[in-house]
Structures are given as C-alpha cells and as structure tokens.
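Here the structure comes first, spelled out in structure tokens, and everything after it is commentary.
Residue numbers begin at 1 in each chain, while the letters A, B, ... track the order of the sequences. What you are looking at is a predicted structure, and each value in this text was computed from that prediction instead of being measured.
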Protein chains: 2
Amino acid sequence: MSNTDFRLTPQRKIILEELMETDTHLTAAEVYEIVRARLPRISLGTVYRNLETLSQLGMIQKLEVGGTQKRFDGKTNIHYHVRCLSCGRVDDAPIEPQTALEEAIEGLTDYEIIGHRLEFVGLCLKCGKKPGGEARTRA
Amino acid sequence: MSNTDFRLTPQRKIILEELMETDTHLTAAEVYEIVRARLPRISLGTVYRNLETLSQLGMIQKLEVGGTQKRFDGKTNIHYHVRCLSCGRVDDAPIEPQTALEEAIEGLTDYEIIGHRLEFVGLCLKCGKKPGGEARTRA
DNA sequence: TCAATATTAGTAATGATAATTATTATTGAA
DNA sequence: TTCAATAATAATTATCATTACTAATATTGA
Ligand SMILES: [Mn+2]
Ligand SMILES: [Mn+2]
Ligand SMILES: [Zn+2]
Ligand SMILES: [Zn+2]
C-alpha cells in the first residue's frame with residue numbers, strides 16, 4: 001500500500017494549471033467558472049474538495065483575506081497581499097516578509113507564535129481614480 | 001428632522017456594555033448568548049443588526065480575523081491581534097501599529113493604500129503547552 | 001482479472017449572516 | 001395631550017459560502 005495515493009486527476013491538473021497561470025487570487029467560485037470552460041462536467045463540490053486537498057498538500061495556498069470568500073494562490077511561498085476595498089481584488093504586495101514583527105511580540109504574550117498575516121487594504125487602480133469606480137461591495 | 005436619530009435602545013446599550021467589559025473579541029453568536037442573560041427576548045437578528053450599526057457608527061469595531069466568524073471589539077483604536085489556531089481565541093497583540101509598513105509599499109503598487117491588517121497566529125497558553133490541548137478547530 | 005481504494009458528479013445539509021415583515025416604541029409637531 | 005411619522009424590534013425567511021453525503025465511476029496493484 002503506497003502511502004502516496006494522491007492521484008493527479010484531470011480535474012486536479014486543470015485546477016492547478018489555472019491557478020498557476022493567474023495572479024489574481026481566485027475564489028472557489030471563480031476557479032469553478034474558469035475550469036468549467038475546459039471541463040464542463042466538473043462539479044462545484046469537486047472544486048472545493050480539491051482546492052482543500054491541494055492546499056493541504058502544500059501545492060497551493062488557501063488565503064484568509066478579508067471579505068466573505070476564501071481565495072486561492074498558486075504561489076506557496078510566504079508573502080503579503082493588498083486587497084481592494086471596493087471590488088475585492090487581491091494582488092501580491094511588493095514587500096518582503098517582516099520577520100522582525102514576530103521577534104517584536106515574542107515573549108510579550110502568552111501565545112506560542114507560529115506566524116503572522118499582513119494584508120494591506122486600499123483602492124485598486126480601477127476603483128481608486130475616477131469618482132465612483134465600481135460598486136462598493138460589502139466587507 | 002434631526003439627523004441624529006440614533007436611539008440608544010436597551011438592546012444596544014447592553015450589547016455595548018458587554019462588549020466594553022470583555023477583552024475576548026466576541027463573535028455575534030457569543031454576544032447573543034451573553035446578552036440573552038440580561039434580555040431574554042432579544043433576537044439574534046437584532047444582535048447582528050446592531051453590531052453592524054454600532055460598528056458603522058464607529059462605536060465598536062468589526063474584526064475580520066481568520067476563521068469563519070467575524071468578531072467584535074469594544075476598543076475602537078487601531079491595534080493588532082493574536083489568534084489561536086487551535087481554539088480560535090483572539091487577544092490584543094502588545095505591539096504598536098507599524099506605520100512604517102504602509103510607507104514601505106507606498107508607490108510600489110497601483111493601489112491607493114488606506115490601511116493594513118496585521119494578525120499574529122499561534123497557540124494560546126491553554127492550547128500550546130500540554131500535548132493535546134483543545135480540539136483543533138478548522139480555519 | 002478483480003477486489004480494494006480513490007475520486008467523482010450530483011445533491012443535500014450546514015453555518016453565518018442578511019433581508020423581510022408585521023408589530024411595538026419613540027418622537028416631535030399640531 | 002394626541003397622533004402621524006419614524007425608528008427599532010422579534011420572528012421568520014432567504015442568501016451565500018462551504019461541507020457532507022451518496023451512489024456511480026475510475027484507477028490501482030496483487
Ligand atoms: Mn499571492
Ligand atoms: Mn482588540
Ligand atoms: Zn478595485
Ligand atoms: Zn487556544
């Protein structure tokens with residue numbers, strides 16, 4: 001019984017491919033829409049299940065950014081994000097991980113610190129400039 | 001027509017009081033349970049509606065921490081948090097807001113930066129020490 | 001070849017939160 | 001005071017994201 005019984009099914013392969021070749025941090029629903037163009041019979045449940053599996057295996061990253069939906073990242077290294085308060089768009093933040101932050105709280109709390117999450121919020125190019133922009137979504 | 005038609009109803013007063021005198025960053029469901037001890041007829045919808053209203057007015061803060069539930073904070077000043085990966089507990093992080101972070105990305109992105117959120121994650125005293133601790137909850 | 005195992009599509013269930021609605025409470029002008 | 005306008009409530013229903021279940025299909029390796 002090989003312990004490596006992870007099968008790279010067509011569904012998983014395509015989900016991975018689509019996540020790799022985009023930098024927009026898709027939601028599960030967005031992944032579903034995109035993958036459906038290539039695999040019309042895939043089900044939303046399969047997308048959720050595999051996004052979970054793949055992130056569990058460290059092949060992708062599940063992001064807990066603000067807002068109501070989780071987002072998924074083809075990049076697995078530690079990095080920060082910027083989120084648009086208006087349209088929800090999430091981009092990578094061009095700033096290196098600040099290890100100093102964890103050193104700063106070390107010992108000041110009862111917690112055993114494992115990591116940290118830093119998210120910048122603001123308005124993306126599209127939403128920020130012109131008055132109005134896109135409809136403001138909640139959260 | 002006075003524009004200040006916010007009424008400090010008993011429901012709102014008690015929700016506020018309970019949020020003020022705790023430092024544990026309650027979820028809506030937890031607020032509901034606690035307030036119910038004093039106002040047994042209050043409805044969960046009222047709790048949600050007023051938590052939203054109060055945070056809209058800047059009287060409390062709605063926190064978008066990791067996990068599945070929003071949490072509410074009686075403190076309205078900007079500060080960071082530590083969250084336990086095991087039990088979900090959220091405490092204030094004893095570290096000052098780092099304005100330098102926003103200065104660091106300023107100009108490096110297309111975004112108009114408005115703010116940032118920093119959350120440390122780890123294991124609280126109760127969950128971290130003894131092997132086992134509480135049952136690990138998801139997210 | 002074939003039984004064990006993994007994965008799927010489809011659907012139902014769950015959990016958090018928001019919207020609706022009919023009723024009650026408060027306000028301020030007549 | 002009285003009463004119409006407004007605000008807020010309790011109760012209920014709806015929505016949205018996500019997870020669980022289930023029966024069918026696919027893959028694996030002895
Ligand atoms: Mn990213
Ligand atoms: Mn706090
Ligand atoms: Zn935007
Ligand atoms: Zn804990």
Taking Glu30(A) for the side chain and Thr27(A) for the main chain, is one N or O donor matched with an acceptor at less than 3.5 Å?
yes
Candidates dA17(D), dA9(C), dA6(C) - which lies nearest the side chain of Gln11(A):
dA9(C)
Of all the choices, dT9(D), dT8(C), dA25(C), which nucleotide is nearest to the side chain of Arg7(B) once you look at every atom?
dA25(C)
Rounded off to whole Å, could you give me the [atom1]-to-[atom2] distance for the [X] and [N] pair?
{"X": "Glu52(A)", "N": "dT18(D)", "atom1": "CD", "atom2": "C1'", "result": "10 Å"}
{"X": "Leu54(B)", "N": "dT9(D)", "atom1": "CG", "atom2": "C1'", "result": "15 Å"}
{"X": "Lys62(B)", "N": "dT17(C)", "atom1": "NZ", "atom2": "P", "result": "8 Å"}
{"X": "Gln56(B)", "N": "dA7(D)", "atom1": "CD", "atom2": "P", "result": "16 Å"}
{"X": "Tyr32(A)", "N": "dC16(D)", "atom1": "OH", "atom2": "P", "result": "16 Å"}
{"X": "Leu51(A)", "N": "dT19(D)", "atom1": "CG", "atom2": "P", "result": "10 Å"}
{"X": "Asn50(B)", "N": "dA10(D)", "atom1": "CG", "atom2": "C1'", "result": "12 Å"}
{"X": "Asp5(B)", "N": "dG28(C)", "atom1": "CG", "atom2": "P", "result": "10 Å"}

Looking at Tyr48(B), I'd like to know whether one of its side-chain N or O atoms comes within less than 4.0 Å of OP1 or OP2 on dT17(C).
yes
Kindly say if Thr9(B) contacts the phosphate of dT9(D), meaning a side-chain N or O under 4.0 Å from OP1 or OP2.
yes
Does the distance from a Lys or Arg side-chain N to an Asp or Glu carboxylate O, for Glu64(A) and Arg83(B), drop under 4.0 Å?
yes
Do His81(B) and Asp91(B) pair up side chain to side chain, a donor and an acceptor below 3.5 Å, judged on atom types alone?
no
Pairing residues for Thr24(B) by the side chain to side chain donor-acceptor pair (under 3.5 Å) criterion, not counting sequence neighbours:
Thr22(B)
How far apart are the closest heavy atoms of Val47(A) and Ile15(A), and which atoms are they?
CA-CD1, 4.1 Å
Minimum-distance pair of heavy atoms, taken over all atoms of Leu123(B) and Cys84(B):
CA-SG, 3.9 Å
Listed by chain and number, what are the side-chain contact (heavy atoms from CB on, under 4.5 Å) partners of Gln11(B), not counting sequence neighbours?
Thr9(B), Leu39(B), Ile42(B), Thr46(B), Asn50(B)
So Tyr80(A) and Phe120(A), would you call those rings parallel, tilted or perpendicular, with 30° and 60° as cut-offs?
perpendicular
Pull out every residue in residues 39-46 of chain A that has a heavy atom closer than 4.0 Å to any atom of DNA chain C, ordered by number, or say none.
Arg41(A), Ile42(A), Ser43(A), Thr46(A)
Return the residues of residues 23-31 of chain A meeting this criterion: a heavy atom under 4.0 Å from some atom of DNA chain D. Order them by number, or give none.
none
Would a 4.5 Å heavy-atom cut-off, applied to side chains only, mark Glu119(B) and Glu119(A) as touching?
no
Pair Asp110(A), Lys126(B) - check salt bridge (charged side-chain N to carboxylate O under 4.0 Å, His left out), show working.
CA-CA 9 Å; Asp110(A) 281 345; Lys126(B) 204 166 149 204; over 6 Å; no
Please list each protein N or O that sits under 3.5 Å from an N or O in nucleotides 21-25 of chain D, with the distance.
none

Given side chain to side chain contact (heavy atoms under 4.5 Å, CB included), test His79(A) with Ile95(A) step by step and report yes or no.
CA-CA 8 Å; His79(A) 60 282; Ile95(A) 173 184; over 6 Å; no
Which pairs would a plain distance check flag for residues 56-63 of chain A, meaning a side-chain donor or acceptor within less than 3.5 Å of a matching protein atom at least two apart in sequence or in another chain?
unit_1: Lys62(A); atom_1: NZ; unit_2: Glu52(A); atom_2: OE1; d: 2.7

